[in-house]
Amino acid sequence: MRVTERLSSMAVHSRQLRADGRGRADATSGDDGPTCPGSLIVVSNRQPYRHEYEDEPTAERAADPADTDGSPPAGTNGGEQTGTQWPITVDEPTGGLTAGLDPVVQGTDGTWIAWGDGDADFAVTDERNCVAVPPDEEAYTLRRLELSDEAVESYYYGFSNRVLWPLCHGFPDLIEDRANDFEWYRTVNEQFADAVGEHAADDSVIWLQDYHLALAPRMIRKSVPKGATVSHFWHIPWPTPETFRHCPAGGHVLEGLLGNDLLGFHVERYADQFLQCVDRFLPSASVDFARRTIRYDGRTTRVVATPMGVDAESYDRDARSADLDRLSDLFEEYGIPEGTTIGLGLDRLDYSKGIPERLAALERFFERNPDWRGEFTFIQKATPSRTDIETYERYGELVRSEVQRINRRFETADWRPIVYTEDVLPREDICALYRHADVMVVSPLVDGMNLVAQEYVAASVDGDSALLLSDRTGAHERLGSHALTIDPTDTDGFASQVEHALSLSPYERQRRMNTLRQRVFDGDIESWMDTQFDWIRRVHDDSRTTEPRSERDSDSREPTPPI
Ligand code: F6P
């Protein structure tokens, strides 16, 4: 989470003048980047910018006798309404999706609709709940949805993250099918669909993101002009039919997604598994496996595999300008002796990321290689996530206790094998760490793509480091041949690959990293967006030429989902 700016209420107010709900009036952007074939509306659960009141009261607030708890008075819209200067900060929530798409939307003058989860979010929006972002540039409109605590508990912490997340990552045993969660998921999806309806025009390209919004595409169809294109990118894996059969309301999920003209996954396997699920659980749909199209309820959905990339140039640039003094300070703060070889892991604290398995492999490595004790330090940076869910809380506890146990076993007076931190580090520090790390370990048990692996490669500007990569990530399809492949659950094999990485000659490191860098730059976020927009153009044109108007507009059949 990066604090980008500190705003006074006056500064916030001036920004609202540009937030008219339709994006920038003087559209000067979009000249160099990917070109969207219409006016772009991105829809996601997570927002790219979050406004928060600062924790610490300012001098004015401290002097205000009404301010007893350091927060804005209840029932007000923050400082602006009271005339008090309530400092507001803007941060960028953690996550590859928002970080990846933000620069793209900046270049296309679009609108982004998302849940406003910051406590000052609605103090800075206009009467349509819109604010222009990024704060200094005002490149596009962020439309925020206000969700009640009950809705968040059931839609986000419930059906999204207690059902769809474990299901899609192949952990059906972790599914918690609680009463009302699906109903709330439906209600919130409706809220998103209604908001899209308020912003959409006939030329709109509506582009939904991820598993929080599976029902929305079908709903959106009914609330937008007929000329609009509805597309969706599913950022996490899609499971096999064997796993998908555990999905409560699975038929509704499939049916919702078939409201899309275009549905994208990172890799071919997920696209094919989606087709198989539709074929098996939605018998009235007609699936063309060769063309990857599905005909259902009078409409056609095209399914594609388009692996996502990162903004490689910006990671390269930030790594080159990394402040090495700052990094030395950080190492001192973390008690890392100067000159040790550095390993790095960087993950959200999520059971799909394979962190305990990684720690087990490191323990095996230090058992087998006493010479490396004191010479190799592994930095594990973890970001707590979804901690309201017990499984996540327990996972965090397990990771922390394993780190302690392993450290106790091997540590010396001036060295610990694993430096574990949950600190929020600014992007400059992350890029400096990427550049400095000799070995990066990305070892999820399953991951739709894993953008961290690609960020690391983009930031490895010296080409003298190695990437260890799980063969269960989408990223492995792009990078596997020149990374060192690991099976995250094979502790011995994993430890051997750590040894291998540390023993690679400088030439071999360079050779591998050059190719990895080539692939990450060739498949960067901009080329991904180009591919998305090309597909959107294509399905849009196809729907005009292949479907009779009466069929395109058909809404009359209401098929009943079988599961
Ligand atoms: O695609 C998975 C994803 O949405 C990523 O974009 C991001 O890393 C993560 O999940 C964010 O999770 P959350 O929004 O629940 O914090």
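Order of appearance sets the numbers: ligands from 1, and atoms from 1 within every ligand.
Considering backbone and side-chain atoms alike, Ser385 places every N or O at 3.5 Å or more from each N or O of ligand 1. Between Arg386 and ligand 1, a contact under 3.5 Å exists for at least one N or O pair. At under 3.5 Å, a nitrogen or oxygen of Tyr156, whether backbone or side chain, sits near a nitrogen or oxygen of ligand 1.
Counting only heavy atoms from C-beta outward, the side chains of Lys353 and Leu445 never approach each other to under 4.5 Å.
Among all protein heavy atoms, the one lying closest to atom 6 (O) of ligand 1 is Leu97 CB, 3.0 Å. Taking atom 7 (C) of ligand 1 as the reference point, the nearest protein heavy-atom neighbour is Gly95 CA, 3.8 Å. Regarding atom 2 (C) of ligand 1, its nearest protein heavy-atom neighbour is Asp210 OD2, 3.5 Å.
Here the shortest heavy-atom distance to atom 9 (C) of ligand 1, taken over Arg348, Arg46, Met449, belongs to Arg348.
Ion pairing between Arg46 and Asp117 holds under the 4.0 Å rule for side-chain N and carboxylate O. The pair Arg186-Glu190 does not meet the salt-bridge criterion, since no charged nitrogen lies less than 4.0 angstrom from a carboxylate oxygen.
The Ile236 neighbourhood of ligand 1 comprises atoms 1 (O), 2 (C), with distances under 4.0 Å to a heavy atom of that residue. In the vicinity of His235, heavy-atom distances shorter than 4.0 Å reach the ligand 1 atoms 1 (O).
In this structure, a donor-acceptor pair under 3.5 Å is present between the side chains of Thr485 and His476. Counted by atom type alone, Tyr392 and Asp350 present one or more donor-acceptor pairs between their side chains at under 3.5 Å.
Residue contacts with ligand 1 for Thr98 are absent, since no atom lies close enough (heavy atoms, distance under 4.0 Å).
For the side-chain contact (heavy atoms from CB on, under 4.5 Å) with Asp121, the lone residue among Glu52, His51, Glu146 that qualifies is His51.
Using cut-offs of 30° and 60° on the angle between ring planes, the pair His235 and Phe233 is perpendicular.
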